[in-house]
Protein chains: 2
Amino acid sequence: MIEGDASGESRRTARRGGASVTVSQVAHAAGVSPMTVSRVVNGDPRVSQATREKVDEVIRDLGYVPNPAARSLASGRQCRIGLLYSNPSASYLSEFLVGALAEAARHDAQIILEQCEAEADAAALVGQLRRHRLDAVLLPPPLCDDPQLVEALVGVGMAVAQVATGRPAEGAHTVCMDDEGAAAAMTARLIALGHRRIGFIGGDPRQASSQLRLTGYRRALAEAGIAMEAALETAGDYSYRSGLASCEALLDLAVPPTAIFAANDDMAAAAVAVTHRRGLDVPRDVSICGFDDTAIATTIWPELTTVRQPVAEMARMATQLLAGAIAGGAEERQAASDESVAFSLIARDSDGPPQRA
Amino acid sequence: MIEGDASGESRRTARRGGASVTVSQVAHAAGVSPMTVSRVVNGDPRVSQATREKVDEVIRDLGYVPNPAARSLASGRQCRIGLLYSNPSASYLSEFLVGALAEAARHDAQIILEQCEAEADAAALVGQLRRHRLDAVLLPPPLCDDPQLVEALVGVGMAVAQVATGRPAEGAHTVCMDDEGAAAAMTARLIALGHRRIGFIGGDPRQASSQLRLTGYRRALAEAGIAMEAALETAGDYSYRSGLASCEALLDLAVPPTAIFAANDDMAAAAVAVTHRRGLDVPRDVSICGFDDTAIATTIWPELTTVRQPVAEMARMATQLLAGAIAGGAEERQAASDESVAFSLIARDSDGPPQRA
DNA sequence: CAGCGGCTCGATAGCGCTAACAATCCCGGG
DNA sequence: CCCGGGATTGTTAGCGCTATCGAGCCGCTG
C-alpha cells in the first residue's frame, strides 16, 4: 500500500525483466486508444496532425519503444534473412556483414549466418534454411554464382538477393557493380598516366568477376589503340601466392611492363612485395594497382591505388531489397529488382607515370 | 471432408504468408495439449518419456519450428545484444561477428551493430542503446578498455561482456586470452630455436594488450637468462606503417637481431616486407613472428608463425555468457563470470633457427 | 481406507501489438 | 433538416507461445 500502482506494475514486471513502456500506457497518457498510437508509430497517414503530435510527444516523454517481438507476432510479418557464405575473404565478409546488419537493424530484421560449402547439396541446404525459418537469403560471391543453388532457393519461394554476381538468375534480386567498366577505367587511368605496357594479373577463372575484369582491361587497351599481348595477361586465382608467381613472370619478360593491374588487392599486394624484393621501387619503377579496396590495400606500403567496391553499401541495398520483398508479400516478390552501384577509383600511392627510360 | 481442417488453415494463412505449423497443430496431432508440446520443445524435465517421444515424432513429421517472436513475447524474455565497435581491423571484426552471430542464432538472440566513436559521451551512448532495446552489450577491444563506458553500461543494468580486455570491470563478464603468456611462449619458442638477440615491435600503448605482450616478451627473456636491451624493444602502434619503421630501426642496429617478434600480424608483415627489401631472406636471415593470426598472416609469403587468438571463439563465449545472463535474470547477472580461452602457437614458415654466422 | 505428496498434464490467461471492422464526427447537398 | 460519404478514431479479436495454477492420478504411510 505504500505505492499506489506498485501492485499493477510489479505484477507486470514479475515476468519480464525490463519495465518497458507499452502502447497502452502511451495511449492512456495521450488520451487516445492503443490503436491510434500504433498508427502514429507506423506512420499511418490517416491520423490527424494534432493527434499525431500529441502522441509523438508522449512517446518521447515516456521513452516508448515498440516491442519488435509483439509487432512481428501481431502483424505476422517477420524478417529473418540468411546470409550464406562459403569462404570469402575475411575483410569482404566483415564489410558485407556491417552493411547487412546496419540495414537489418532498421527493418527489425535478423541476419542469420549460414556457413555453407560450395559443393553442398542444394536440396539439403534448403531444408536447413527452412528449419531456421528464413524468409530470405543473401548470397555474396562466390555462392551467388551457383545457378542450382539460386534456383532451388527461388523455387521454394524464398526471396533471394545475389550480390556482385555474374550470373543473375530469374526471380532473384541482384545488386551488382560494373566490374568490367571499373577494370576499364583503371586501365584507362594507367594509360592516361603514360603507360603502354600494362600487365594484368587475372583472378579465379571460376568466379564471374574474373572474366569481367579481364574484359574491361582488354577493352580499355583496345579503345586506346594499344595492341594486346598474351604474355602480359597472367592467370592468377585471387590468392596472394598466385600474385607472387604472376608478378615474377611479368617482371621476367624481356620487356617487362611499366604497370601491373591485378584483379584484386591481395594479388596487387603480392606484386608490390615481388617488385620490392627485386630492388625496384613502387611506383617509380613499376606502377601497381589493385581491385576491391580491401583492408590490405591500406595496410601495406605504399598504399594501393585500387577500385573501391562498396561492399557494405551493396550488402545494405541487398538487405533492403529483401526486407521490402518480405514486407510486400508474394506479389512484390515477383518483381525482383536489379540494382547497380557505382564503383570509384581510389588513387593512392602505388601508381604514377612511367619512368622516362 | 477430404481435409478436415482445411478451412481453419486457409483462414489462418489469410494474414500470414507462410503456412507455418503451430503448437496447437502439433498438440492436436499428438493428442496432447499445446502446453505439453511447449514443454517438450523447451526440454522441461516434467514430461514423461512416452509423451516426449510421441510429441517429438509429430514435431519431426510436421516439420514444426517454434515461432521466436511468439516465444519471446510470451516468455517476456528477449535477447538483443549490441555489439559496440569503434574501428577494429576488418578481419578482427569479421571473425568476431561470425562467432557472435553463430552463438546468437542458437539462442534466438539478435546482434545489433553499433558504430561508436571512442570519444563518444558515455551517457548519450547509453541512451542510444536503450532506444534500440538492447539487453546486453558486447565490447570488443579497444572499447572494452574504456572504464567509463563499461561502468555506465553496467550502471544501467545492462549485461556487459568485455572481450580481450586488459581492464576487467566490476560486474562485467570477461572473456580473455593470456596475452602475456602467449607472448612469453612465442619468445621462448624463438629462444629454443637458438635466437639470442630478439627484437620486439610493440603495439599501441593505449591498448592494454600491448603492455601484456611486452611483459610476456621480457619475462621469457628473463627466464632464459638473456639480458634485455632497450634498443631491441621498439615502439609501434599496431599499424603496418609503424612496423615498417620499427623494423628498419631494428635492422639498422650495429648488431641486428636474428629474430623479430611483432605484437601483431600487420606489423610482422611489414617487418617481412622491410627484410625482403633489404635483400634478406625470411626466415633464413631473420625470423619474424606475429600475433593474432589474422588474415594477413596467411595471405603473405612466407606465411607467418604467429599466436592464434581465437577471436570467433571468444566472441562466441561472450555471446553465450550474455545470453545466459539475460535468460537468468537479475540474480545471475550479478555473478559475472570471467572466462579465459587458450591461445595456441601456429608454426608456419616465417621462423627458423638463426643462421650460423 | 482416508489422506498426503509427487508426478504429469491441461485449462486459462495473458505477453504487446496490429488487422479488420465498427463507430463517430463533420461536412455539404438534397 | 436529414442523409451519404470522407476523414478520423475506437473496439474486438486474435498472432503463437508460455507462466501459473489446478486437476487427475499414482503409490505410499498411518
Side-chain angles (χ1 to χ4, degrees), chain A residues 8-28 30-55 59 62 64-80 108 133 327 329, chain B residues 8-28 30-55 59 62 64-80 108 133 327 329:
Chain A
E9 195 170 307
S10 70
R11 181 158 45 71
R12 193 172 49 66
T13 56
R15 268 213 218 165
R16 296 262 290 99
S20 58
V21 184
T22 72
V23 263
S24 311
Q25 294 175 38
V26 174
H28 187 79
V32 298
S33 77
M35 196 58 229
T36 301
V37 175
S38 170
R39 290 200 180 98
V40 170
V41 169
N42 292 299
D44 190 314
R46 315 170 310 182
V47 183
S48 72
Q49 191 60 27
T51 311
R52 181 181 305 280
E53 278 167 13
K54 188 171 52 183
V55 172
I59 286 178
L62 265 51
Y64 167 74
V65 186
N67 178 329
R71 207 196 271 230
S72 75
L73 179 58
S75 67
R77 122 177 23 118
Q78 63 181 356
C79 211
R80 290 166 70 92
D108 268 320
R133 286 186 160 259
Chain B
E9 196 168 307
S10 70
R11 183 160 42 71
R12 195 172 48 68
T13 56
R15 265 212 221 168
R16 295 263 291 99
S20 57
V21 184
T22 72
V23 263
S24 311
Q25 293 176 39
V26 174
H28 188 79
V32 298
S33 77
M35 198 56 232
T36 302
V37 175
S38 169
R39 290 200 180 97
V40 170
V41 169
N42 292 299
D44 190 313
R46 314 169 309 180
V47 182
S48 71
Q49 191 60 26
T51 310
R52 180 182 305 280
E53 278 166 14
K54 190 171 51 181
V55 172
I59 286 178
L62 265 49
Y64 168 73
V65 186
N67 178 328
R71 204 194 270 228
S72 76
L73 179 57
S75 66
R77 110 175 37 111
Q78 63 181 356
C79 212
R80 291 165 70 92
D108 267 321
R133 284 184 160 263

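Letters A, B, ... are given to chains in the order of the sequence lines, protein chains preceding strands, and every chain is numbered from 1.
In this structure, B:T51 reaches the C:dC9 phosphate: one of its side-chain N or O atoms is under 4.0 Å from OP1 or OP2. Phosphate contact (OP1/OP2 of D:dC15, side-chain N/O of A:R77, threshold under 4.0 Å): absent. Put simply, A:N67 has no side-chain N or O that comes within less than 4.0 Å of OP1 or OP2 on C:dC15. Between A:T36 and D:dT8 there is no side-chain polar atom (N or O) within less than 4.0 angstrom of OP1 or OP2. For B:S48, a side-chain nitrogen or oxygen approaches OP1 or OP2 of C:dC9 to under 4.0 Å.
Residue-level contact check: B:S24 touches neither bases nor backbone, having no heavy atom under 4.0 Å from any strand. A:V47 comes within contact range of the sugar-phosphate backbone alone, with a heavy-atom separation under 4.0 Å but no base atom that close.
B:Y64 has its OH atom 10 Å from the P atom of D:dG16, to the nearest Å. The distance from atom CG of A:D44 to atom C1' of C:dC17 is 14 Å, rounded to the nearest whole Å. Rounded to a whole Å, the CZ atom of A:R71 is 19 Å from the P atom of D:dG16. Rounded to whole angstrom, the span from the CD atom of A:Q25 across to the P atom of C:dC15 amounts to 11 Å. Separating the CZ atom of B:R46 from the P atom of D:dG24 is a distance of 18 Å, rounded to the nearest angstrom. Atom pair A:L73:CG and D:dT18:P shows a separation of 11 Å (rounding to whole Å applied). Counting to the nearest Å, the P atom of C:dG16 and the CD atom of A:Q78 are 20 Å from each other. The nearest whole Å value for the distance from the CE atom in A:M35 to the P atom in D:dT9 is 12 Å.
Between C:dC17, D:dG16, D:dT18, one nucleotide has an atom nearer to the side chain of B:S75 than all others, and that is D:dT18. The side chain of A:N42 lies closest to C:dT18, out of C:dG16, C:dA11, C:dT18. Listed nucleotides: D:dG14, D:dT8, C:dG10. Nearest to the side chain of B:V32: C:dG10. Closest contact between the side chain of A:R39 and the listed nucleotides D:dC17, C:dC17, C:dC21 involves C:dC21. Listed nucleotides C:dC9, C:dG10, C:dC17 differ in distance to B:S33; the shortest reach to its side chain belongs to C:dG10.
Minimum interatomic distance between B:V21 and A:R133 (heavy atoms only, all atoms of both residues): O-NH2, 4.1 Å. In terms of heavy atoms, B:R52 sits closest to B:D44 at NH2-O, 2.8 Å. What you find for B:P66 and B:V41 is that their closest heavy atoms are CG-CG1, 4.0 Å. Smallest separation of non-hydrogen atoms from A:Q78 and B:N67: OE1-OD1, 4.2 Å.
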I'd like to know whether A:D108 forms a salt bridge (Lys or Arg N to Asp or Glu O under 4.0 Å) with A:R77, so could you lay out the CA-CA distance, the side-chain angles of the two residues, the decisive distance to 0.1 Å, and finally the verdict. CA-CA 11 Å; A:D108 268 320; A:R77 122 177 23 118; over 6 Å; no
